[in-house]
Amino acid sequence: MPELPEVEVLRCNLEPLLVGKRISDFQVLKPRVVRPESPQQLENGVAGCSIKGVGRKGKFLWLDLAKARSRTTFHLTIHLGMTGRLFVQDSGDPLPGHTAAVLGLGRKRLVFRDPRSFGRVTLETDSLDQLGVDALSDEFLVERLRDALAITGQAVKVRLMDQRHIAGLGNIYVCEVLHLARVSPFEAASKLPLGKVKALHQAIRNTLQKQVELGLKLKLDFAGEGKSDGLFYFGSASTQAPQSRERFRVYGREGEACPTCGSKIVRAEQSKRGTFFCPQCQQRE
DNA sequence: AGGAGGCCCTGTCGGC
DNA sequence: TGCCGACAGGGCCTCC
């Protein structure tokens with residue numbers, strides 16, 4: 001599942017391929033991904049536009065578009081959902097299975113492939129407007145985290161995953177940063193002492209930053225024809241040797257030894273999502 | 001209004 | 001071996 005680091009790495013990869021290109025046409029194969037707009041609305045909205053930039057906030061990605069002879073730009077917002085992939089290919093190449101939408105760029109095209117159709121491509125900006133501070137941006141300070149965790153009685157893990165407060169953390173990285181900061185996922189968010197808030201802030205920044213740097217170094221298979229090798233959502237390109245599976249500290253490791261203390265990692269459930277944690281390292285206050 | 005829970009969707013995996 | 005049900009979980013919607 002792509003979270004902030006994966007989306008940022010994808011953004012960096014796409015930017016040089018897309019900026020300056022003109023959109024010749026827009027084709028929707030899975031109307032669900034453009035909901036609630038119609039394929040026709042999207043086509044009318046973007047055809048003939050040129051791409052001025054590629055942006056990101058949280059797990060949302062967007063293309064800055066401008067109509068011909070216009071200086072004003074607007075967003076074509078894209079969310080990868082659970083299984084979305086976005087990549088550039090030659091226009092002559094066959095479209096892969098589960099292609100949801102295609103942006104024609106002359107000799108090339110931008111393909112959005114999404115087997116589970118949880119992703120979205122849209123011109124509306126409501127989803128973007130409702131996002132909280134991006135977890136990698138300079139505005140994400142300790143104070144912002146403290147404010148996001150204040151007042152509510154929600155468990156800290158549930159709160160961290162609420163994109164309206166902090167944007168970018170999904171189930172995987174939330175488990176990872178809570179373990180790194182030695183915070184119980186069940187701790188009431190507002191009860192977290194300042195020291196732990198600081199540790200959590202540090203863990204979030206370090207973990208996401210490190211993962212982005214790693215992703216930028218690797219040769220990745222954005223098209224997703226190859227198998228993910230478990231290291232990164234996109235998987236390695238075939239030209240690169242598979243990476244070791246040493247990736248997550250606790251996520252998906254139920255029953256395995258905690259990398260810090262050796263205790264068995266436990267899986268629990270919060271808001272219908274799996275939570276992986278070490279009951280020894282991550283005790284409630 | 002904030003929070004909880006259901007729904008969407010299909011590849012993968014475990015069990016029989 | 002093969003089939004089938006359970007599971008995974010982003011965001012979004014509805015209800016309380």
Side-chain angles (χ1 to χ4, degrees), chain A residues 1-8 10 28-37 56-62 75 77-86 96-101 112-132 134-135 147-178 185-191 208 221 223-230 232-235 245 247-248 250-255 265 267-277:
Chain A
M1 309 92 236
E3 299 185 23
L4 189 153
E6 284 87 350
V7 180
E8 177 59 18
L10 177 61
V28 178
L29 289 88
K30 291 190 179 197
R32 187 181 144 76
V33 303
V34 300
R35 68 194 182 281
E37 290 158 323
R56 180 197 61 79
K57 186 172 184 183
K59 304 175 210 169
F60 283 80
L61 197 68
W62 66 78
H75 291 335
T77 305
I78 301 166
H79 195 291
L80 298 178
M82 297 276 300
T83 52
R85 285 176 185 264
L86 199 60
H98 298 297
T99 297
F112 179 47
R113 177 173 167 257
D114 187 10
R116 253 180 248 187
S117 307
F118 276 24
R120 265 188 87 193
V121 180
T122 179
L123 287 169
E124 59 132 65
T125 55
D126 295 8
S127 310
L128 271 184
D129 297 340
Q130 282 171 27
L131 288 180
D134 180 82
D147 293 348
L149 299 177
I151 305 166
T152 180
Q154 280 181 310
V156 61
K157 189 226 179 189
V158 176
R159 192 68 167 182
L160 286 174
M161 284 183 65
D162 189 332
Q163 306 296 305
R164 292 170 300 180
H165 297 98
I166 295 159
L169 292 171
N171 204 39
I172 296 173
Y173 288 107
V174 157
C175 291
E176 296 298 290
V177 299
L178 286 170
F186 305 98
E187 187 71 61
S190 56
K191 294 275 165 58
L208 297 180
D221 176 25
E225 293 306 318
K227 279 272 176 197
S228 164
D229 56 12
F232 215 77
Y233 166 72
F234 301 111
R245 215 199 146 274
R247 185 185 180 191
F248 300 127
V250 289
Y251 184 83
R253 293 187 178 276
E254 180 182 17
I265 292 162
R267 181 190 188 279
E269 201 172 274
Q270 289 178 285
S271 304
K272 297 285 172 192
R273 268 30 166 194
T275 295
F276 297 88
F277 68 107

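Being a predicted model, the structure only gives us computed values, none of them experimental. Side chains are part of it too, since the values below use all heavy atoms of this structure and drop only hydrogens, waters and symmetry mates.
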Quick one, give me the B/S/- string for nucleotides 11-16 of chain C, reading 5' to 3', where B means a protein heavy atom under 4.0 Å from the base and S means that only happens at the primed atoms, P, OP1 or OP2. BS----
Suppose we screen for ring pair (Phe, Tyr, Trp, His ring centres under 6.0 Å). Which residues come up paired with A:Phe277, at least two apart in sequence or across chains? A:Phe186
With A:His75 via ring pair (Phe, Tyr, Trp, His ring centres under 6.0 Å) - residues at least two apart: A:Trp62
Set of side chain to side chain donor-acceptor pair (under 3.5 Å) partners for A:Ser190, sequence neighbours left out: none
Report all interatomic pairs (protein N or O, nucleotide N or O of nucleotides 2-5 of chain B) with separations under 3.5 Å.
unit_1: B:dG3; atom_1: OP1; unit_2: A:Thr152; atom_2: OG1; d: 2.9
unit_1: B:dG3; atom_1: OP2; unit_2: A:Arg159; atom_2: NH1; d: 3.0
unit_1: B:dA4; atom_1: OP2; unit_2: A:Gln154; atom_2: NE2; d: 3.2

Tell me every residue that passes side chain to side chain donor-acceptor pair (under 3.5 Å) with A:Thr77, counting only those two or more places apart in sequence or in another chain. none
Taking five pairs at each end, how big is the angle between the two axes of the helix from B:dG2-C:dC16 to B:dC16-C:dG2, to 10°? 40°
Could you work out, with side chain to side chain donor-acceptor pair (under 3.5 Å) as the rule, every residue matching A:Glu254, not counting sequence neighbours? none
What is the distance, rounded to the nearest whole Å, between atom CE of A:Met82 and atom C1' of C:dC7? 10 Å
Show me the donor-acceptor pairs, under 3.5 Å and distance only, between side chains in residues 267-274 of chain A and residues at least two apart or in other chains.
unit_1: A:Gln270; atom_1: OE1; unit_2: A:Thr275; atom_2: OG1; d: 2.8
unit_1: A:Gln270; atom_1: NE2; unit_2: A:Pro185; atom_2: O; d: 3.2

Give A:Gly274 one of three labels, base, sugar-phosphate or nothing, depending on what nucleic acid heavy atoms sit under 4.0 Å from its own. sugar-phosphate
Tell me every residue that passes side chain to side chain contact (heavy atoms under 4.5 Å, CB included) with A:Asp134, counting only those two or more places apart in sequence or in another chain. A:Leu4, A:Arg56, A:Lys57, A:Leu136, A:Ser137
Which pairs, with at least one residue in residues 117-128 of chain A and sequence neighbours excluded, count as a salt bridge (charged side-chain N to carboxylate O under 4.0 Å, His left out)? A:Arg120-A:Glu124
Not counting sequence neighbours, which residues clear side chain to side chain contact (heavy atoms under 4.5 Å, CB included) with A:Thr152? List them please. A:Gln154, A:Arg159, A:Ala189
